[in-house]
Student: 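Please read through the structure below; I'll follow up with questions.
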Amino acid sequence: MLAGVDVSPREAEVLELVGAHLSNAEIAARLCISVRTVESHVSSLLRKLDVPDRRALARRPPAPAAAAVPQPPAVLPAPLTSFVGRVSERAELAEMIRAHRQVTAVGPGGVGKTRLALAVAAEAAGEYAGGVWFVDLVPVTDPELIATAVAGAVGVGEQPGRDMTDSVLAALADRHALLVLDNCEHVVDGVALFLERLLATCPRVTVLATSRARLMVPFERVYPIPPLSLPADGESDAVALFLERAAAVGRSPDPAQRGQIAAICERLDGMALAIELAAARCSTLGLDGITAALSHPLRMLTGGSRADERHRSVRGALDWSHALLEPADRALLRRVSVFVAPFTAAAAAQVTGDEEGIVAEGLARLAEQSLLVVTASRGGTEYRALETIRQYGVERLAEAGELAEVRSRHVRWCLDEAAGLAVARDGWRAGFDAVADDLRAALAWAADRPDQRTDAYLLARRVAELSFTRHLIGESQGRFEQAAALADDDAEAASMLRHAAAVAGCRMNGDDMYRLHRAAAEAVLRSGDTAGAARDLATAAAGAYRFSGKFTGKVPHEEASVMIARARELAGDDPAAQAAVALAEAGRALIEIGTPQGLDGDALPMTIARAERAVELAHRTGDPLAESAALDTLTCAQSWAGDTFAAAGTARRRITLLSSASDTPAGTHELIEALAEATEAGLGTGDLPGARRWARQLADHPLLAEVGHRATGWLLVTDALAGNVEEVLTGGVRFLDAWERAGRPARTVLGPPAAAVAMVHGLRGDEDARREWSAVLHQVDPSPGNTCGYGAIFEAMLLLHRGQARQALERLAPEPGEVWQWVTWIWLHWYVALRAEAAVLAGSPEAGERLAEARTVVAGNPVAGALVERAQALLDGDRERLLATAAAFDAAGCRYQSARTLLLAGDGADVGHAPMPSE
């Protein structure tokens, strides 16, 4: 039970993780459920707890409770006051969003666009199975961050390999949903571009936007919002609103005074905000006082069209309400208008330069006059101004000549907040989310002012670092590039560009990595640091070799060679530059090896020697990331040479080296790559416990939460080979869900996990699931790796399980040397061991020869060695020796093969029904 509301135990778990500011994908990974299930729980919680949005939901404490009653999904701000009137407008706008996919409710500030849109969206919630989502664009100062705002509302994180817009579009692609975009006028161009892509990509999404001007996008339907009704008899929506708001502040006018109230509302042109401001003064001025005040000549009463008069009526009401404030409260209102997000009294005190106690009292008075909205949070009482009032405050700030001074203090407050978050151990996600909009707004202002350049640089760097930690990696890269442009010297700019390149690597954007390292080389060369330029040029060339799969197109070989030659010229005797050049040269040599048919006797030894030299030079520099990069190249060279154990040792050495590396973008990029490589090494050498340990770390890495198919891939392979059935079934849900959300990409690296899950379903006798996963496999990887490599291994295991040894032998018919390029590194030992077992069980006359060959190849591999030993025991009819292999499999963490051994030790008549272990 939570505040009298029933929530289910699962919803309580979801609520706790929302409170930790995790995305839907991160929550799904923690709870081993699909993202769609998380979305359903979040929608239900928002409805049940009657909170405004996902941020408000995060403030609610978790608690277990009884079973919940399903609720239709709607994620809308809960209004602080009741909605009054507008029956016909609600009906008209509701009909428009049913008939058209993009509707813009337009009108001047203060007419009530947001409240009307919210009312219509709430009433329509049951019609959208995919949810109703509200996005406040007021804090968005950069059009590039519109998708980030939408993602925050929907609970979507950025997928590496896609920008935030693509990530949002993927999440909404097949959803029947209503998206409410509020306050679009200041980012119209950005909203238009976003909507054009959204409407084209997500055919079942409807958009209701509010704006002071139309968006000018294809298929837009515009609904002009009229002022509140003003009939002559005194019975109107405008009067009803005035009466309710006046009652809320302790003054309920006599019904006999409706005519006077109607005159006030007519003078205010039926503008909702103006009426609310007047009603807030009713308890102190009375109706006569309000009437007298409105009779004073104001700007709202002069000239212009009716639409302009309505705008001026709000401005006039603000002028009037502002004039009634004490001077100190006027100053406070205009100074806190620099905040774009909710703020505390402490924050306001720092920005206004006044004592916190005095500021707190002033904020309370402003709230009493409806000039600020008060909300409660875990951090205490927070305040915010409606956008129309905030804009008015900024104008007043400029008129008072205080704009630069107050915004400068706001920038310094942002720097202090960012510095505190940088060292925070607990609650940093919530802390960042609370101030991120203000950090961005302050940076947008400071970046355009030469006198603020130093602070702008520091703030851009802080935002880049914090947004990377928050896994907003697209923004992080952009902020590092912005910091580079703001840096006072070229050396600092180069440093920022290197960080941006590392973030690009985490985003799987090789083209940007390459571009940014080259830009860093140019910058540092301008500063006179030739050795630094050599490092950057060599790193760009090495990255083109190491991460070729992250590029949209290959870097021309000649171009990379020219860069390496230039880097060698500039390196001089600088150790770090020499190490970088050596790494690039080793990478080039590895690429030049080509196919196995093109190898000569000296190519591989020479490449290994080059890679070992690169490792030695990098080690001397004391830079673990440089050494890790060199070890990666050495591992690849050793695996090409077929030296599985040497490659595995190098991969483990790399993991050990990175265990103490910092959480920088470059360190994160290296670690993710290293974890995958170490997992592959463990699988290749039969170290299943080690492989699972590294695969688990990879699956749990927060940067991969939004790409669960990549995160869980090697863990699924490891668990399938080990026989951890329940883990495979659970992990398969996350893999398939994420793969579908990502648009069903075809990637060779996704082939082994798809084949592994298909095999497990086959072992369990679930043919429908096996066929489904086989279809996934052929979609993600139709390459020879599937046909001749890992695909043959998983299929042979299933055939052997079913007692179809001859078919398994046919599947593994090619000699290892014929399919060498597809079975080297991970799969060679599995291939030859299973081939030997199939030969024995099929009664092949070559079984003995196959066993002898296999024993030589797999020596030192505990799993493959046990497979060969078991096959030999079967060939010799040695039951005691056969049973001994079960213990060997258990010791190696291979439960399935242990269970299969016990079956094989029976009568041997039906090896096709070995039970799969289920726990």
Side-chain angles (χ1 to χ4, degrees), residues 531 534-535 537-548 557 560-561 563-565 567-568 571-596 598-661 666-667 669-671 673-682 684-685 687 690 694 820-821 824-826 828 860:
R535 291 196 301 273
L537 287 172
T539 301
Y545 298 130
R546 291 182 65 205
F547 309 116
S548 58
H557 181 70
S561 293
M563 280 199 300
I564 294 173
R568 193 185 304 112
D573 57 0
D574 182 83
Q578 290 179 344
V581 171
L583 173 61
E585 290 175 335
R588 179 175 58 186
L590 189 62
I591 293 296
E592 288 175 347
I593 288 174
T595 64
L599 294 175
D600 60 47
D602 296 328
L604 274 171
M606 289 179 61
T607 301
I608 291 174
R610 284 183 179 275
E612 288 174 338
R613 174 63 174 164
V615 171
E616 178 186 353
L617 291 173
H619 180 72
R620 291 179 187 175
T621 68
D623 181 353
L625 300 185
E627 188 174 354
S628 170
L631 288 170
D632 177 31
T633 301
L634 177 58
T635 301
C636 293
Q638 291 168 331
S639 67
W640 270 87
D643 195 341
T644 303
F645 290 102
T650 304
R652 289 192 296 270
R653 179 179 164 191
R654 186 181 177 201
I655 286 288
T656 301
L657 180 69
L658 291 172
S659 63
S660 58
H669 186 211
E670 280 293 321
L671 179 61
E673 298 290 329
L675 286 171
E677 190 171 69
T679 303
E680 296 169 8
T685 58
D687 179 13
W694 293 311
W820 179 86
Q821 64 268 48
T824 190
W825 179 222
I826 302 174
L828 178 61

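Along the sequence shown, residues are numbered consecutively beginning with 1.
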Student: Between P624 and L658, what is the shortest heavy-atom contact and its length?
Tutor: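 Heavy-atom minimum between the residues: O-CD2, 4.5 Å.
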Student: Of the non-hydrogen atoms in G860 and F645, which two are nearest, and what is the gap between them?
Tutor: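 The pair with the smallest heavy-atom distance is C-CZ, 3.5 Å.
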Student: Are E612 and I608 packed together at the side-chain level, in the sense that at least one heavy-atom pair is separated by less than 4.5 angstrom?
Tutor: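 When only atoms from C-beta onward are counted, I608 and E612 do touch, with a gap below 4.5 Å.
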Student: Do W640 and L590 have side chains that approach each other closer than 4.5 Å (heavy atoms only, starting at C-beta)?
Tutor: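 A side-chain contact under 4.5 Å exists here.
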Student: Does any non-hydrogen side-chain atom of Y545 lie less than 4.5 Å from one of H557?
Tutor: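 In short, these two side chains touch, coming nearer than 4.5 Å.
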Student: Go through the structure and list residues passing salt bridge (charged side-chain N to carboxylate O under 4.0 Å, His left out) with D643, not counting sequence neighbours.
Tutor: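 None.
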Student: With a 4.5 Å cut-off on side-chain heavy atoms, are I655 and R652 touching?
Tutor: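 No, their side chains stay 4.5 Å or more apart.
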Student: Is there side-chain contact between V615 and R653, with heavy atoms separated by less than 4.5 Å?
Tutor: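 Side-chain contact under 4.5 Å: yes.
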Student: Please give me the minimum heavy-atom distance between A579 and A618, naming the atom from each residue.
Tutor: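 Here A579 and A618 meet closest at CB-N, 3.7 Å.
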Student: How far apart are the closest heavy atoms of T685 and A648, and which atoms are they?
Tutor: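 Closest approach of T685 to A648: CG2-CB, 3.5 Å.
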Student: If the condition is salt bridge (charged side-chain N to carboxylate O under 4.0 Å, His left out), which residues does R588 pass it with, not counting sequence neighbours?
Tutor: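 Counting only residues at least two positions away or on another chain, R588 forms no salt bridge (charged side-chain N to carboxylate O under 4.0 Å, His left out).
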Student: Rounded to the nearest 0.5 Å, how far apart are CG of L617 and CG of D623?
Tutor: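 L617 atom CG to D623 atom CG measures 13.0 Å (nearest 0.5 Å).
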Student: Can you list, pair by pair, the side-chain donor-acceptor contacts under 3.5 Å of residues 628-637, counting residues two or more places apart and other chains?
Tutor:
from: S628; atom 1: OG; to: R654; atom 2: NE; distance (Å): 2.9
from: S628; atom 1: OG; to: E670; atom 2: OE1; distance (Å): 2.6
from: D632; atom 1: OD2; to: R546; atom 2: NE; distance (Å): 3.0
from: D632; atom 1: OD2; to: R546; atom 2: NH2; distance (Å): 3.1
from: T633; atom 1: OG1; to: A629; atom 2: O; distance (Å): 3.4
from: T635; atom 1: OG1; to: L631; atom 2: O; distance (Å): 2.8

Student: Do R568 and E585 sit within salt-bridge range, that is, some charged N less than 4.0 Å from a carboxylate O?
Tutor: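 The answer is yes: the pair qualifies as a salt bridge.
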Student: Give, for atom CD of E680 and atom CH2 of W694, the distance between the pair rounded to the nearest 0.5 Å.
Tutor: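 Answer rounded to 0.5 Å: 12.0 Å.
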Student: May I ask you to test the T824-T644 pair for a side-chain heavy-atom distance under 4.5 Å?
Tutor: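 Counting from C-beta outward, T824 and T644 never come under 4.5 Å.
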Student: If I compare all heavy atoms of A647 with all of S639, which pair ends up nearest, and what's the gap?
Tutor: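 Distance-wise, the nearest heavy atoms are CB-N, 3.9 Å.
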Student: Would you give the length of the straight line joining atom OG1 of T607 to atom CD of Q638, rounded to the nearest 0.5 angstrom?
Tutor: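 If I round to the nearest 0.5 Å, the distance is 12.0 Å.
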Student: Could you report the tightest heavy-atom contact between A534 and A577, atom names first, then the distance?
Tutor: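 So the two residues come closest at CB-CB, 4.0 Å.
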